[in-house]
Number of protein chains: 2
Amino acid sequence: MLLDDRKKRILEAVIEEYNATAEPVGSGKIASDYNLGFSPATIRNEMANLEEMGFLEQPHVSAGRIPSSSGYRFYIDSIMKEKTLSPKEKQIIDDVLKEDVIKFDSLIKEASNILARITNYTSIAVGPQMNNCTVEEIKLVKLGQDRLMIVILADNGIIKESIIKYDGILPEENIQIFNTYLNQKLKGLNFEQIYENINAYVEDELYNISTNVIPLVNELNSLLIDKNVDIHMEGTKNLLELPELKQTNTLKNFLNILETQDALKELINNGYDGNVNVYIGQENAFEDLKDFTIITYKQKINDKELGTIGLIGPKRMDYKKVIPIIKYVGDALQEKMKQGGSFDGREQSDES
Amino acid sequence: MLLDDRKKRILEAVIEEYNATAEPVGSGKIASDYNLGFSPATIRNEMANLEEMGFLEQPHVSAGRIPSSSGYRFYIDSIMKEKTLSPKEKQIIDDVLKEDVIKFDSLIKEASNILARITNYTSIAVGPQMNNCTVEEIKLVKLGQDRLMIVILADNGIIKESIIKYDGILPEENIQIFNTYLNQKLKGLNFEQIYENINAYVEDELYNISTNVIPLVNELNSLLIDKNVDIHMEGTKNLLELPELKQTNTLKNFLNILETQDALKELINNGYDGNVNVYIGQENAFEDLKDFTIITYKQKINDKELGTIGLIGPKRMDYKKVIPIIKYVGDALQEKMKQGGSFDGREQSDES
DNA sequence: TTTAGCACTAAAAACCATTGAGTGCTAACA
DNA sequence: TGTTAGCACTCAATGGTTTTTAGTGCTAAA
């Protein structure tokens, strides 16, 4: 045990107080408001110790202490007790996910949406990386006079779809033939694998049908690797009121990060699976997020990745409440996706 | 002519200067930097006149003047000369829209994207109101073991699509039959009209096929009226640095409006068609947007609405540059959509 | 008709003293 | 021996005063 009981209780008190006020907390406040049974002087000593150990920080000599990232880390791992959700909260979550939505993207966005609403932080939702999916089925559908819809069903149950101009030179009967041909050739193959050398798979017979299938093949290919998987965010404005962003440049840089998204994607894809991951302050590599925490929960069913939901909030967020919430929502979402699909968890569409 | 030439030139100078600095501009500055050939005292007199006429305002007695909304309005309508885009700017725009994207939503987002990048303001993109569209074609497509895709092609060329769980009780042959049936019944009908009483159209024969088509019919119906048409925004962060948002609450309220979107939608749908609409300051009804201007350009081909692109920026935006840009982008977009479709401008998909 | 000159105004900046919330250390205490 | 009262000390925050600055409007002269 790294910390004795008294230190733990003091660290906890400092964190609770700091979370509530966002101001450095002094020994007097702890002594008077959290009756631990010690005088300010004693608490002062312990705080000095905790600071030496790296769990607390002091902005300047005559100020109180604020918890450091390792302080929070220790708190989350070894001190706090997760709250259980209130029946009302559960109710709200269940209600939202009980709706008859079965489109994958709607589902994950709904889940993220509710996270933002319940926690009052910013929530994120990202679709899955499809690189390692395999093709289960391809459908070509003629629409109106002049368009063709390409639909790809992946083995994780996600559907990608796109529409191209159909120039009419490819005779309608041939669409069926080409459709069958594509399925024969590509079914069971890995998305990335196809993407990198689609010509090797279809070029031979390509011209036997018509040179006009080239744009079709191109579009199909670009459907496989969606380069701009973007991150859906909800409740950005929840964060803007935070004192953490009151310094002039922080806000700008902060929103820059949120808008750029690249870095966020990186982070989100790193989460180890099936459980909640918490990145506190500098643990998340961006200087401008040093006062923020990102929590992610990667959705996975039977080893198939189905996207990630997450939260961004201030470092001083109410972990013992927020963590159970994201767990609950994530579990419910996963459950919903599982029962939605009939054999291996498939039951989604995906915007393309 | 409402204003004599001297007043015009002074008003123009004040606007140019204020646009550049966001500070009230004084007579001295104008006299020294814009050589109009008058002393500060003369300019001071004219400014007092312009203020009386409502074109300028004065924050307090010992400050310079800032242009009022009607000042800007007059400037846009009667003073400024639109700049022509540089070949480089045209190039950038053309390049983006030359890409082989033919999905409607991608196109309009690309266009909005480039607006934000070139102007450094926030751009918006909204899909069209579909209420007055009519059904041109409906397709039901079986996907994998257990899902059914519903596709609706509207008469403006936009495609709506959704996926539902297919419980297998409806025999596969019947899908075709039901598909044909739906087309017979609904083709040519107005979206809103169908939405309000779909049962009247299909209920009779509904149960003859299977009660299991009910969820299908429901989903089809909800596809018709997409209640959450959301606004795509790009470059929100461009605005955050503006001094206009430096007062404490403004920022929060401002982002609130952007996030709520309802009000924005309202505004955007009001634009008179086929041309650029400029809403300056209080012209746009939201107290918290009083220091901002919204410019919209509603896309329309052969009387079919295809969405709107727009810009949000500070009232003091560089109109003579920005207006030609949105015109150019809007025209290019419209052209692209026109040539994309073969007969009446159809060539898009739509995320559902 | 224009402009130089000047008194006047109000915000912003600079200055300065005071307050207050906190500390660390020491010596006394249970 | 661990705890605490007491106290000197630090430094940001507050608030009031003064100074500076950027502008004005008006008047009288060119």
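First the proteins, then the strands, lettered A, B, ... as listed; each starts at 1.
- Rounded to whole Å, the distance from CG on A:D5 to C1' on D:dG2 is 16 Å.
- DNA chain C is contacted by A:Q58, A:V61, A:S62 of residues 49-62 of chain A, taking any non-hydrogen atom closer than 4.0 Å.
- Extent of DNA chain C lying under 4.0 Å from chain B heavy atoms, first and last nucleotide in 5' to 3' order, is C:dT2 to C:dA11.
- Shown here are the side chain to side chain contact (heavy atoms under 4.5 Å, CB included) partners of A:K320, two or more places apart in sequence or in another chain: A:E16, A:Y75, A:M80, A:K83, A:D318.
- Atoms CD1 and OG, from B:I15 and B:S68 in turn, are 8.0 Å apart once rounded to the nearest 0.5 Å.
- B:E46 meets the salt bridge (charged side-chain N to carboxylate O under 4.0 Å, His left out) test with B:R6, B:K7; sequence neighbours excluded.
- Partners of B:R73 under the salt bridge (charged side-chain N to carboxylate O under 4.0 Å, His left out) rule, at least two apart in sequence or in another chain, are B:D77, B:E283.
- With sequence neighbours excluded, no residue satisfies ring pair (Phe, Tyr, Trp, His ring centres under 6.0 Å) with A:Y121.
- The side chain to side chain contact (heavy atoms under 4.5 Å, CB included) check on B:A48 picks up B:R65, with sequence neighbours excluded.
- Between A:Y319 and A:T293, the side chains place a donor N or O and an acceptor N or O closer than 3.5 Å (distance only, hydrogens not considered).
- Screening residues 11-68 of chain A for ring pair (Phe, Tyr, Trp, His ring centres under 6.0 Å) gives A:F55-A:F74 as the qualifying pairs, with residues at least two apart or on separate chains.
- A heavy-atom distance below 4.0 Å to DNA chain D is reached by these residues of residues 20-46 of chain B, ordered by number: B:G26, B:S27, B:R44.
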Taking only N/O atoms, report every protein-nucleotides 27-30 of chain D pair under 3.5 Å with atom names and distance.
none

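- In this structure A:V126 satisfies the side chain to side chain contact (heavy atoms under 4.5 Å, CB included) test together with A:I231, A:I268, A:T308, sequence neighbours excluded.
- A:E82 and A:K327 are joined by a salt bridge, as a carboxylate oxygen and a charged side-chain nitrogen come within less than 4.0 angstrom of each other.
- Scored by the side chain to side chain contact (heavy atoms under 4.5 Å, CB included) test, A:A22 finds A:P243, A:R316 as partners (sequence neighbours excluded).
- Within the 4.5 Å cutoff, the side chain of B:I43 has heavy atoms near those of the B:I10 side chain.
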